[in-house]
2 protein chains.
Amino acid sequence: MARTQGSHSDITGPRIRQAALRLFARHGYAAVSMRKIAGEVGVQAGALYNYTPDKQSLLFRLMRDHMQDLLSAYGEQKQTGDPQDALRRFVGFHIRFHLQRPDEVFIAYMELRNLTPENFAEIEDLRRKYEDGLEAILREGQRAGIFAVADTKIATLAVIAMLNGVMTWYRAGGRLSLDEVEAVYWDMVRKAMTA
Amino acid sequence: MARTQGSHSDITGPRIRQAALRLFARHGYAAVSMRKIAGEVGVQAGALYNYTPDKQSLLFRLMRDHMQDLLSAYGEQKQTGDPQDALRRFVGFHIRFHLQRPDEVFIAYMELRNLTPENFAEIEDLRRKYEDGLEAILREGQRAGIFAVADTKIATLAVIAMLNGVMTWYRAGGRLSLDEVEAVYWDMVRKAMTA
DNA sequence: ACCATATCTGAACGGATGTTCAGATAGAAG
DNA sequence: CTTCTATCTGAACATCCGTTCAGATATGGT
């Protein structure tokens, strides 16, 4: 046997990335073999190498694409308004964007140590760019006397860490709606940052 | 060759746990082989099985011991005082305890998915017990009208998530002292929880 | 109908994996 | 000094790993 009926790179390629994403998120990069990914797609392991030069690149591209999606989606947000509004929009954006991509978020966060140093540096760079967006808001609010934090960098990391906590417990159709979750977190973030 | 000079279970046992802890934290459970752990200790892989029935148990016991240490250390804390004081003490305790054990914290958090279902349930049970300690403080403060959070369970998770963020950036000898870090986080937590 | 090319198989590669165990030596006890 | 036991080695087991590649078949264009 060789090429199979209906096989096409436009179909197999996305399916491979999708399967890798799911399996990496569930079991971790090191615990997932190329054969398991291939099995999920219904293909032999060798076929994966038409779509990725190696396993490491498969992981890296998933992470890089996710971070670039995050940055470009955040870039499309309205950037005007006073710092308080900007912070509120950031909270809403962060929660909603990340809750829509649980697997990507999990991987981008847990699999950093499985990246080569070069790949790690690139992902960290993108992450820092995103954090800088929030810190700019906090600094502007600090300057305007609206916010009162001891250290904008630490506050940035604290807010993001707090918001990321949503991912560990929120399930669609649970006790609280998305709007309610957003309101609850916004209340805590606002109070924590405000004078 | 067989038994080596100076070999003793009181020495080898702790060294194995220590090496496993360090390697699991650095590279992840799945990426660390029994041979690598043994190599770190200066012993052959087979010797590890005098100290653990298998690799899974090695991971599990590291996590369980850590969680039990956490619970027993927290249990020794002074529990009296008004909720505001109790919350301040919780923040200080959590930051200091966890910063002293970065490897254990990392593992207890990142390697949950590599536990068997039974082991996972046991660790999660211990984690919930710890969270319950914080939630009791928040509920008591809520009852007394000191705190004003929309949901004590979510607030509990939010506070812990925020505090855990310290672990990602704090390095001893850095820009801020431990006391300063504690003060900065306490300021944010207090404001976020207070009416 | 034919051809070029895109796509996949199946086998193979060297090496790593967790675990077991008989046998060997060191330390402790008498 | 002898005996018992704690401790470790070294080899072996079956299985899995990431990756490569020649060859086979399907697809799309002419």
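Source: prediction; values computed, not measured.
Rounding to the nearest 0.5 Å gives a distance of 10.0 Å between CD1 of A/I123 and CG of A/L62.
Put simply, the side chain of A/R3 and the base of D/dA24 share no donor and acceptor less than 3.5 Å apart.
Between A/Q77 and A/F90, the closest side-chain pair of non-hydrogen atoms is not below 4.5 Å.
Taking 4.0 angstrom as the limit, B/Y51 places none of its side-chain polar atoms (N or O) nearer than this to OP1 or OP2 of D/dT7.
To the nearest angstrom, P of C/dC8 lies 11 Å from CG of A/D10. What separates CZ of B/R35 from C1' of D/dC16 is a distance of 12 Å, to the nearest Å. The distance between atom NE2 of A/H8 and atom C1' of D/dA26, rounded to the nearest whole Å, is 11 Å.
Residue A/V41 is classed as having no contact, given no heavy-atom separation below 4.0 Å to the nucleic acid.
In this structure, the nucleotide among C/dA24, D/dT19, C/dT20 sitting nearest to the side chain of A/A45 is D/dT19. Ranking D/dC17, C/dT17, C/dT19 by closeness to the B/K36 side chain, first place goes to C/dT17.
Comment: A/D132 does not engage A/R128 in a salt bridge, judged by the lack of any side-chain N to carboxylate O separation of less than 4.0 angstrom. A salt bridge is defined here as a Lys NZ or Arg NE, NH1 or NH2 lying under 4.0 Å from an Asp or Glu carboxylate O, and B/K153 with B/E131 meets this definition.
A residue-by-residue look at A/Y29 and A/A47 shows that A/Y29 has its nearest nucleotide of DNA chain D further toward the 5' end.
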